[in-house]
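Start at 1 with the first residue, then count along the sequence. The structure displayed is predicted, hence computed values, not measured ones.
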Amino acid sequence: MDHPEQQRAEGTRAHRPEDDFPIEPPLTHLPIKTHDRGFYEGFSRAVTVPAKVTVSLLILWAIFFPVSANETLGAANSAIIGRFGGWYVYLVAALMLVCFLLALAPRSGSLTIGLPGEKPEFSRLSWFAMLFGAGIGIGMLTYSTGEPLAHFTNNPEIIAGTISPASTEAVIPAYRYTFLHWGLAAWCTYALVGLAIGYVAYRRDLPLTVRSALAPLFGTRMSGLGGHVVDVVAVVATILGVAVTMGLGVEQFVAGLDRVGFGDWLVEDGSATLPAIVLALVVLVGASTISALTGVGRGIKWLSNINMGLSFALLALFAVAGASLFALELLGAGILDYLRHLPELSLRIYGDDGSEIATAQRQWQLDWSIFYWAWWIAFAPFVGMFIARISRGRTIREYVFGVVLVPSLICFIWMTLAGGTAISLELSGEAGGRILDTALSDQLYATIAVLLDPGVAAIVSGLIVFLLLTYLVTSVDSAILIINTINGAGETEGQRRRHIIFWGAALAFMVGSMLVLGGIDAIRTTMILGALPFSFVVAIMAVAIVKAVVWDLRRKHHGVSTTATTDEWTENTPPRDGAD
């Protein structure tokens, strides 16, 4: 046998166990340093402290320097949206493509987000309820009438003069753009982030945190500074994304209280007053914090099931008392029209050649599509992490189809039943502008007021207020738990009470300060700015999950383990710490 000196001299090396395998097993260990005592016990201070400082500075800036903050946000928003609008469009289109390729490919679609033979923790009904409640439940209540009505009176075709606003011809185009914003694009963004995190967390036993999704590309380097930065960006994006949802919810919550007769002091000149904002935030954040302290298995699951039941009760009301036949026609024709135009709409970027029409179309895209893409991306670390947390044990195919198709269809049904009823009432002249002329936060209540007798309308409006409360509580407490999971290096157990209270208060102050600063537009602007850094993380996630799946398929072909257990391992398979 050759001696080591002779092997080196001949340019060879000693045989190693991994030489028997044409591809190495995946990374199954990503250490993240956490503090072992004190206030930050169980948390990564390198993530938690910078995230808290960043959010606190944003709040203080908005409170103590409102004029400067408003001017700076406006200037930054115009510059960033103008330059990166195309980036958002192409990124979301790519996320949709990656999701469906992974799900439809026979071999990749059959891979489990978990260990071999592992079963899902939640039933499909509870799973769908939590997906919908934490994903877009609040926005659905605000935009179910508001968005179809907005596109009914103004969309790119109306701007170009090819159809008339508020006409019969404007109905299908209105739903084309409504479905574009609330359909596959939104849910594929969430699904991709959740899949990238859950796949490596549950198959490879990596921490359930955002940085782990990049480990297939960067390996154990994500344990250090780069990983800390990724998690901090994810926490800040989550706060800003949830702030938009809370801001919309607070405005509609106050509008509902005004509708059911809680007092004229709630609304002034169509906007919520400062006392009303404070009252709403105290109620909503207080309830959310209490729910968050009970954890995902109790409070959130219980509230999500209530949300689903009340939502279907409201849908049943619109189906019975509303324009159900008109809505059914809209649903079928709208989905076909949406799918037919989806490739074109997903890649279209309106240019500005200086003409009045081009400028207006460009502004419409910035105000609607680009805003939504930024919102979904900012919301993605929260919703993606939450979806990953509740989807362990499902195959990639079941995961993608469940996360993308079912909630999208529910959104479409909501939009056609509630929004279609509002449009029908306006087309027939029965509403007489009483729905179109109200603020976005009040249009659902206005539709109910036109549709039903005053006494019944007041009861239903009260039901909507309660449903809105439960959706807000579900979203906020889920977001707080996810933020603590990221800060805790993927750990979901342990002492989190003090940090839950901090993040609940931070959300309240963020939403309150921004609503006072410039209303919902100020929150939207801040969110769009905060979404930009995380959009680059999402793009890298898409590359990382494709690489992870492709390499795992190669490993399975060669009989090499693809999980952190020994179930699929051969006796001599070597462990490793590098990237795929």
Side-chain angles (χ1 to χ4, degrees), residues 18 21-32 91 94-95 97-103 105 107-116 188-231 233-234 380-381 384-385 387-389 391-392 394-397 399-400 486 489-490 534-565 568-569 573-580:
E18 55 263 43
F21 301 95
I23 184 171
E24 294 179 324
L27 171 71
T28 57
H29 181 58
L30 185 67
I32 302 174
L91 173 60
L95 298 181
L97 181 62
V98 170
C99 276
F100 282 107
L101 286 178
L102 290 175
R107 295 177 63 199
S108 63
S110 63
L111 292 174
T112 302
I113 306 172
L115 302 177
C188 281
T189 302
Y190 297 158
L192 189 283
V193 173
L195 178 61
I197 295 170
Y199 188 85
V200 296
Y202 297 134
R203 287 184 69 87
R204 304 179 179 184
D205 201 27
L206 300 188
L208 185 68
T209 187
V210 176
R211 73 174 75 187
S212 296
L214 307 186
L217 291 175
F218 302 108
T220 53
R221 282 175 289 181
M222 297 312 297
S223 294
L225 178 61
H228 300 332
V229 171
V230 167
D231 281 349
V233 167
M385 282 276 292
I387 291 174
R389 166 68 182 83
S391 300
R392 182 170 187 165
R394 303 189 185 276
T395 65
I396 290 179
R397 184 173 297 110
Y399 169 89
V400 170
I486 297 174
F534 191 70
S535 70
F536 297 107
V537 176
V538 172
I540 301 172
M541 279 184 170
V543 178
I545 185 59
V546 170
K547 182 181 180 183
V549 169
V550 170
W551 257 244
D552 276 357
L553 293 176
R554 291 180 59 193
R555 291 185 181 101
K556 289 174 72 71
H557 177 72
H558 292 290
V560 178
S561 172
T562 63
T563 67
T565 69
E568 298 177 334
W569 289 57
T573 303
R576 64 187 297 267
D577 293 319
D580 285 348

query: Quick check: does any side chain N or O of Arg394 sit under 3.5 Å from a backbone N or O of Ser391, one acting as donor and the other as acceptor?
result: no

query: What are the two closest heavy atoms between Pro207 and Ile32, and how far apart are they?
result: CG-CD1, 3.8 Å

query: Is any side-chain heavy atom of Trp551 less than 4.5 Å from a side-chain heavy atom of Pro216?
result: no

query: Which value, rounded to the nearest 0.5 Å, describes the distance between Ile545 atom CD1 and Ile540 atom CD1?
result: 14.5 Å

query: Between Leu111 and Leu553, is any pair of side-chain heavy atoms under 4.5 Å apart?
result: yes

Listed partners of Ser535 passing side-chain hydrogen bond (donor to acceptor under 3.5 Å, both in side chains), at least two apart: Trp87

task: Quick one: closest heavy-atom pair of Cys188 and Phe100, and the distance?
output: SG-CE1, 3.7 Å

task: Answer whether the closest heavy-atom distance between the side chains of Val233 and Phe536 falls below 4.5 Å.
output: no

query: Side chain of Arg211, backbone of Met222: donor and acceptor closer than 3.5 Å?
result: yes

message: Working to the nearest 0.5 angstrom, can you tell me the gap between Leu30 CG and Asp205 CG?
response: 11.0 Å

message: Is there a side-chain contact between Arg107 and Ile396 in this structure, where contact means two heavy atoms from C-beta onward sitting under 4.5 Å apart?
response: no

query: Is there a side-chain contact between Arg204 and Leu27 (heavy atoms, below 4.5 Å)?
result: no

query: Arg203 side chain to Thr112 main-chain N or O, any donor-acceptor pair under 3.5 Å?
result: yes

- prompt: OG1/Thr220 to CG/Leu206 distance, rounded to the nearest 0.5 angstrom?
  reply: 11.0 Å

- request: Locate the shortest heavy-atom distance separating Pro381 from Ala234; write the atom from each residue and the value.
  value: CG-O, 3.6 Å

query: Any donor and acceptor pair, going by atom type alone, linking the side chain of Tyr399 with main-chain N or O of Ala388 inside 3.5 Å?
result: no

message: Treating Thr209 as the side-chain partner and Ala489 as the backbone partner, does any N or O pair qualify as donor plus acceptor under 3.5 Å?
response: no

message: Do Met541 and Val210 have side chains that approach each other closer than 4.5 Å (heavy atoms only, starting at C-beta)?
response: yes

message: Which heavy atom of Ser108 sits nearest to which heavy atom of Val549, and what is that distance?
response: CB-CG1, 3.5 Å

- line: CG of Leu214 to CZ of Arg221, rounded to nearest 0.5 Å, is 11.0 Å

- prompt: When rounded to the nearest 0.5 angstrom, what distance separates OG in Ser561 from CD in Glu24?
  reply: 13.0 Å

Distance, nearest 0.5 Å, that separates OG1 of Thr189 from CG of Leu95: 5.0 Å

- prompt: Taking Arg397 for the side chain and Ala103 for the main chain, is one N or O donor matched with an acceptor at less than 3.5 Å?
  reply: yes

- prompt: Nearest heavy-atom pair of Tyr202 and Arg389: which atoms, and what distance?
  reply: OH-CA, 3.5 Å

